[in-house]
Amino acid sequence: MTRRRWSIAASVVVAVVIVLFVVGTFAQQPRALFGDGGLFRPDGSSTSSPGAEPTPEPTPEPWTELNLPGYDADPGPLTLTPVADAAGEPITASFALEPGASPIGGTVGLSFDAVELASELWDSPHSNLTLMLSELDRPALRFGGNGVDRRMWWTSTDEPAPSWADVTVTPADLERVAAVAEDVDSLVTIDLDLGHDDPARAADMAAHAREAFGDRLLAVAIGNEPNGFFHENQPQLAVRDESWGPEPYQESLREYSAALEKASPGIPVAGPGAYDTTWMRAFTEAELPNSVALTMHWYPLWDCKGPASSIGNPALDDLTSPALRERTRELVDLGVGVAEENDLPLWMEETGPTSCPGTNETSRTHAQALWTSDFTLTAAEAGAERLAFHSTLQACKGGAPMSPICATGTLEDPGLIAAGRTSYLSLMQLGHLPEGRVLAPHVSGDGAVMVHGVYGDDGSLAIILVDLRDPQAANDAADGDAVAVELSAPSGLPGDAPQHWDLTDGSRLSGEAFDAQESVLTAPAELGGEFADASLAPAQPLSVTSEPGTVTLLRLAPASSDAEPSDG
């Protein structure tokens with residue numbers, strides 16, 4: 001694998017070996033990396049003179065390890081249910097590469113509140129955050145959230161913070177975050193404080209961000225969710241009065257834009273960070289000189305106390321409903337329409353399962369992992385070119401319940417060690433997709449089994465089967481309810497595209513039940529059984545199988561030009 005994650009992990013092993021040598025310990029056997037309960041550890045025994053007691057293996061420091069409960073880094077061959085044993089109604093899936101298809105690769109990642117810019121986890125020698133982020137394959141990073149307009153204070157001159165500020169962010173903080181972005185090869189967007197109406201201070205922050213991140217700073221945004229600056233239903237979030245609306249927002253945009261241009265000429269700007277097209281048009285019609293993207297926020301389960309008939313309740317049935325996929329397409333399509341009118345890409349800069357506060361039945365579940373996979377690819381198919389899941393570096397116990405990542409300490413003292421939750425494993429699996437473009441899928445059935453595809457820039461293919469059927473019900477069934485899925489080769493590929501592909505390896509995300517608090521993810525491995533030598537070609541579909549409650553990633557490489565496709 002070519003990701004930076006292996007170079008980071010390898011450097012940890014080298015460091016351990018050097019330390020052992022310096023302090024005069026016995027010579028070590030060659031080391032390898034393997035998975036153990038979700039952790040990568042050096043594996044090797046010490047040697048000494050015959051008859052001597054072996055030297056105990058040193059305990060790895062927590063900042064040298066990945067903390068990924070449920071991850072199996074050495075799973076052995078991936079086994080799928082034989083097609084002949086699949087008892088469910090067969091599914092067919094075809095794909096097309098359409099003009100303007102969204103890119104994939106370095107486009108999916110995490111959104112953090114801007115107050116997290118000051119977190120001690122960034123670039124700390126005693127934190128594993130860099131190692132964790134490297135597992136996501138060039139993750140998109142965004143900093144904004146409600147805190148940027150209400151609780152974050154920026155200063156580059158060590159001014160005392162005002163009483164309303166909970167966190168102070170300085171140039172040194174930006175430099176630490178930028179060092180991590182460099183290590184994990186991320187592109188970054190940062191929101192600026194619009195809530196306190198201080199264009200000069202926001203422009204100063206933008207200029208320092210541009211200096212710290214360089215070309216990795218994709219854009220700055222002027223404020224976060226301006227549609228929520230005054231809302232009768234959320235008085236606790238008000239930073240404006242009842243006179244606030246799209247026109248005052250445009251006036252503020254132009255004032256801030258002038259300050260940005262003075263402090264950092266040509267700095268790219270994105271906005272508005274809202275789901276409402278009224279505010280999207282307000283942003284585009286402000287005609288800022290350096291607009292580079294239209295940004296959208298959306299949490300599909302928003303109906304916190306809705307009726308049973310609502311599809312937006314924070315409930316497991318709604319989170320795993322195929323109807324949510326259709327709603328995603330409709331909402332993203334609205335944003336894409338405004339973006340295309342203004343020749344801009346659409347970025348989903350903040351999202352998650354639900355905007356409802358506190359813990360609910362969807363929190364920290366395997367269902368959240370299934371939704372993360374399906375939502376990411378559905379949004380990309382609909383036209384979103386960048387997508388970030390809102391996250392926190394607060395404690396796993398007591399912190400934001402929907403965050404894919406969290407810190408392992410207490411609520412009062414989160415500490416420096418980060419851990420990944422179920423949805424983090426989903427993002428890891430998506431990180432194994434090739435860099436390329438998403439395919440437009442056409443899948444039979446009722447939508448409970450969905451199939452997505454990616455055409456790699458190197459001519460490879462990736463197929464992702466998302467099975468939203470209840471895994472607990474399948475466990476109770478004698479046949480397991482595996483379903484056969486017939487895959488057709490994609491149409492619309494360029495003239496120099498491969499003519500057939502060999503199935504090389506695969507990965508599976510699974511869980512015992514929708515409400516399971518842990519998912520299991522296997523690292524990519526060769527296929528076993530009848531799928532070991534399977535191939536796909538335009539005149540030769542490939543049949544595979546899917547299990548309830550799983551996400552199965554299959555990767556196919558172009559076959560050699562002189563080879564004939566084998567039976568699959």
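Keep in mind that this is a model prediction, so the values were computed, not measured.
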Mark yes or no for whether [X], through its side chain, and [Y], through its backbone, hold a donor-acceptor pair below 3.5 Å.
X    : Y    : answer
T328 : F375 : no
D113 : G147 : yes
E385 : G383 : no
R421 : C396 : yes
T410 : D413 : yes
D72  : V520 : no

Determine, for D191 against R142, whether the closest basic-nitrogen to carboxylate-oxygen distance falls under 4.0 angstrom. yes
To the nearest 0.5 Å, tell me how far [X] [atom1] sits from [Y] [atom2].
X    : Y    : atom1 : atom2 : value
H297 : M348 : NE2   : CE    : 9.0 Å
L427 : T422 : CG    : OG1   : 9.5 Å
E330 : L334 : CD    : CG    : 8.0 Å
E547 : T552 : CD    : OG1   : 7.5 Å

Of [options], which meets side-chain contact (heavy atoms from CB on, under 4.5 Å) against [X]?
X    : options          : value
R386 : L187, T295, V108 : L187
T354 : D318, N313, N360 : N360
Y424 : I405, T372, N67  : I405

Quick check: closest heavy atoms across [X] and [Y], and the distance to 0.1 Å?
X    : Y    : result
D303 : S310 : OD2-OG, 2.9 Å
Y71  : L425 : CB-CD2, 4.1 Å
Q250 : R281 : NE2-O, 4.4 Å
A367 : T320 : CB-CG2, 3.8 Å
Q472 : A513 : OE1-CB, 3.9 Å
L319 : L324 : O-CD2, 3.9 Å

Does a donor on one side chain and an acceptor on the other come within less than 3.5 Å for [X] and [Y]?
X    : Y    : result
S510 : T550 : no
S111 : E349 : no
S94  : H442 : no

Check whether any side-chain heavy atom of [X] lies under 4.5 Å from a side-chain heavy atom of [Y], and answer yes or no.
X    : Y    : result
L288 : Y256 : no
R469 : V483 : yes
T189 : W347 : yes
M450 : L468 : no
L136 : M428 : yes

Consider side-chain hydrogen bond (donor to acceptor under 3.5 Å, both in side chains). Of W298, Y275, Y299, which one does E350 pass it with? Y299
For the residue pair W279 and W244, does the interplanar ring angle fall in the parallel (under 30°), tilted (30 to 60°) or perpendicular (over 60°) class? parallel
Parallel, tilted or perpendicular: which describes the rings of F389 and W371, with under 30° parallel and over 60° perpendicular? perpendicular
